[in-house]
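Single-structure report; data block below.
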Amino acid sequence: MAGYTADEMMTVAAARQLRDGTACFVGIGLPSTAANLARATHAPALVLIYESGCLGAKPDRLPLSIGDGILADTADAVISVPEVFNYWLQPGRVDVGFLGAAQLDRYGNINTTVIGGDYADPKVRLPGAGGAPEIAASCGEVVVVVRQSLRTFTERVDFVTSVGYGAGPGDRARLGLRGGGPGR
């Protein structure tokens, strides 16, 4: 029997993708755990940016949500949510974005919105996009942290919440997406 879970191994592998001194847009869950592990181990100058407007957060415990007070208490700055997107994310000032997914297809397109059926009448309605579409569009690189299963990795996602490489080579440029797209 292994001394670790699949989630723990995935978190360590994701943390190893982060380099010291880079700016990382972080979501809650496994992405936050991985980013905070990286900052606590090999990348102490990693700049954590949360959608709530916390820049340079240095929590001493894992935050429960993007609104957890520990993020604001330990941040270098707290700015408005529009400023996070308009000044930091959209102009490409964030090196790495960490995203999760309910479905991921071979072109790196991500679905976190609906499974099965159509948007108006799905089999399952998921939490939705949040800032993920802009993270996928604008970060220098995107790392997707997802539990692996046949249901997760699909030929085509049921709904494109966040564009990876669209239908293939050239789609990011055609769509005007500035960031590098999913790389890991």
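Atoms considered below: every heavy atom in the structure, side chains included; atoms not considered: hydrogens, waters and symmetry mates. Position 1 is the first residue of the sequence, and the numbers go up from there.
Counting only residues at least two apart or in different chains, side chain to side chain donor-acceptor pair (under 3.5 Å) contacts with residues 40-56 comprise Ser32-Tyr50, Asn36-Tyr50. Listed by first and then second residue, the side chain to side chain donor-acceptor pair (under 3.5 Å) pairs involving residues 175-184 are Gln17-Arg184, Glu141-Arg184 (not counting sequence neighbours). Judged as a side chain to side chain donor-acceptor pair (under 3.5 Å), the pairs with a partner in residues 73-87 (not counting sequence neighbours) are, in order, Lys58-Asp76. Among pairs with a residue in residues 115-140, those fulfilling side chain to side chain donor-acceptor pair (under 3.5 Å) read Gln90-Glu134, at least two apart in sequence or across chains. Screening residues 130-157 for ring-ring contact (aromatic ring centres under 6.0 Å, His included) gives no qualifying pairs among residues at least two apart or on separate chains. For residues 92-117, the set of pairs meeting the salt bridge (charged side-chain N to carboxylate O under 4.0 Å, His left out) definition, not counting sequence neighbours, comprises Arg106-Glu155.
With hydrophobic clusters built from ILVMFWY side chains whose heavy atoms lie under 4.5 angstrom apart, Leu48 does not share a cluster with Leu62. Tracing side-chain contacts under 4.5 Å through hydrophobic residues (I, L, V, M, F, W, Y), one never reaches Ile49 starting from Leu71; they form parts of separate clusters. Hydrophobic clustering (side-chain heavy atoms under 4.5 Å, transitive across Ile, Leu, Val, Met, Phe, Trp, Tyr) keeps Val81 apart from Val26. Hydrophobic clustering keeps Val84 apart from Val78 (ILVMFWY residues linked when any side-chain heavy atoms are closer than 4.5 Å, directly or through intermediates). In the hydrophobic cluster analysis, where Ile, Leu, Val, Met, Phe, Trp and Tyr join through side-chain heavy atoms closer than 4.5 angstrom, Val163 is grouped apart from Tyr107.
Here the straight-line distance linking atom CG of Asn109 with atom CZ of Phe159 works out to 11.5 Å at 0.5 Å rounding. A distance of 6.0 Å separates CG in Leu89 from CD1 in Ile135, rounded to the nearest 0.5 Å. To the nearest 0.5 Å, atom OG1 of residue Thr161 and atom CG of residue Leu126 are 8.0 Å apart. Note that CZ of Arg174 and CZ of Arg172 are 12.0 Å apart. Values are rounded to the nearest 0.5 Å. Note that OG1 of Thr154 is 8.0 Å distant from CG of Asn111, once rounded to the nearest 0.5 Å. Here the straight-line distance linking atom OG1 of Thr11 with atom CG of Leu30 works out to 4.5 Å at 0.5 Å rounding.
Between Phe85 and Pro91 the shortest heavy-atom distance is O-CD, 4.1 Å. The nearest pair of heavy atoms linking Ala15 to Leu37 is CB-CD2, 3.9 Å. Scanning both residues, Pro182 and Gly108, for their nearest heavy atoms gives CG-O, 3.6 Å. Pro31 approaches Phe98 most closely through the heavy-atom pair CB-CB, 3.5 Å. Residues Ala34 and Leu18 come closest through the heavy atom pair O-CD1, 4.4 Å. Among all heavy-atom pairs drawn from Gln103 and Arg151, the shortest one is CG-O, 3.9 Å.
Other residues, nucleotides and ligands place more than 12 heavy atoms under 6.0 Å from the CZ atom of Arg61.
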Full working for side-chain contact (heavy atoms from CB on, under 4.5 Å) between Phe25 and Val96: CA-CA 6 Å; Phe25 203 103; Val96 180; over 6 Å; no

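Salt-bridge annotation for Arg39 and Asp20: absent, with no side-chain N of the basic residue lying under 4.0 Å from a carboxylate O of the acidic one.
Only one option out of Val143, Ile110, Val146 pairs with Leu99 in a side-chain contact (heavy atoms from CB on, under 4.5 Å); it is Ile110.
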